[in-house]
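Below you'll find the structure, written out as structure tokens, and then a few comments.
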Amino acid sequence: QVSLVESGGGSVQAGDSLRLSCAASGRVFRTGAMGWFRQPPGKERELVAVIRRPGDRTYYGDSVKGRFTISRDSAKNAVILQMNSLKPEDTAVYYCALDERIILSSIRIPSEYDYWGQGTQVTVSS
């Protein structure tokens, strides 16, 4: 049984930073992809950032490139999302996701991920 536990959401002002963490239990992240998607109100879930293993290559959504950074904490079996220069349009529920067998062409597709966290709210006010 795989469990993903997210932490670090909250309410901030535009331009501020937040750090999200997602720890996995029940499985060590050695293959596949693990990272973050988000779902703004009334919109579809979209890729924020994921790390693909082996190799630790990272993939970002176009709207967050240059502002967000994803990294891996192997000691905690976790991924960390550092979000800088936050904008009101970053407001969403952020979900952690993991899939051990996902192929590269599917890495941006939410429905291709097997495991999800419960979600954490990020609200950015102007």
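Each residue takes its place number in the sequence, starting with 1.
Taking both residues in full, the closest heavy atoms of Arg67 and Ser85 are given as NH1-O, 2.9 Å, listed atom of the first, atom of the second, then distance.
To the nearest 0.5 Å, atom OG of residue Ser125 and atom CD of residue Gln13 are 3.5 Å apart. Distance check: Cys22 SG to Trp116 CH2 gives 10.5 Å after rounding to the nearest 0.5 Å. The line from CG of Leu81 to OG of Ser21 is 10.0 Å long, rounded to the nearest 0.5 Å. In this structure, the separation between CG on Leu86 and CG on Asn84 is 7.5 Å, given to the nearest 0.5 Å. Here the OG-CZ distance, from Ser74 to Arg53, works out to 7.5 Å after rounding to the nearest 0.5 Å. If you take CG on Asp90 and OG1 on Thr123, they are separated by 11.0 Å, rounding to the nearest 0.5 Å.
Both Val48 and Tyr115 are assigned to one and the same hydrophobic cluster, defined by single-linkage of ILVMFWY side chains at heavy-atom distances under 4.5 Å. No continuous path of hydrophobic side-chain contacts links Leu98 to Val50 [ILVMFWY only; heavy atoms under 4.5 Å]. Cluster membership for Leu47 and Val79, using ILVMFWY side-chain heavy atoms within less than 4.5 angstrom, is not shared. By the rule that hydrophobic residues join a cluster once side-chain heavy atoms approach within less than 4.5 Å of another member, Leu20 and Val12 end up as members of one cluster.
Between the side chain of Tyr60 and the backbone N or O of Ile70 there is at least one donor-acceptor pair closer than 3.5 Å. Remark: the backbone N or O of Asp114 is paired with a side-chain donor or acceptor of Asp99 at under 3.5 angstrom. Side chain of Arg72 to backbone of Ala78: no donor-acceptor contact under 3.5 angstrom is found. For the pair Asn77 (side chain) and Arg27 (backbone), a donor-acceptor distance under 3.5 Å is present. Between the side chain of Thr91 and the backbone N or O of Val124 there is at least one donor-acceptor pair closer than 3.5 Å. A donor-acceptor contact shorter than 3.5 Å links the side chain of Thr31 to the backbone of Glu100.
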Review point. side-chain contact (heavy atoms from CB on, under 4.5 Å) between Tyr59 and Ile51: does it pass, once the steps are laid out?
Key: CA-CA 6 Å; Tyr59 301 84; Ile51 291 179; over 6 Å; no
Exercise for review: In sequence, state the C-alpha distance, the side-chain angles, and the governing distance for Met34 and Tyr113, and then conclude on side-chain contact (heavy atoms from CB on, under 4.5 Å).
Suggested key: CA-CA 9 Å; Met34 183 174 176; Tyr113 286 74; over 6 Å; no
Review point. Should Leu18 and Gln82 be marked as a side-chain contact (heavy atoms from CB on, under 4.5 Å) after you check the CA-CA gap, both sets of side-chain angles, and the distance that decides it?
Key: CA-CA 6 Å; Leu18 273 177; Gln82 179 66 41; over 6 Å; no
Exercise for review: Would you sort out whether Ser63 and Arg38 count as a side-chain contact (heavy atoms from CB on, under 4.5 Å), showing the intermediate values?
Suggested key: CA-CA 12 Å; Ser63 62; Arg38 69 186 182 186; 3.0 Å; yes
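Counted by atom type alone, Gln1 and Ser3 present zero donor-acceptor pairs between their side chains at under 3.5 Å.
Atom CZ of Arg19 has 12 or fewer neighbouring heavy atoms from other residues, nucleotides or ligands inside a 6.0 Å radius. Around atom NZ of Lys43, no more than 12 heavy atoms belonging to other residues, nucleotides or ligands sit under 6.0 Å away.
The shortest distance between side-chain heavy atoms of Glu46 and Phe37 does not fall below 4.5 Å. Side-chain contact between Tyr94 and Gln121 is absent, with no heavy atoms from C-beta onward closer than 4.5 Å.
Residues passing the side chain to side chain contact (heavy atoms under 4.5 Å, CB included) test with Gln39, sequence neighbours excluded: Arg45, Tyr95.
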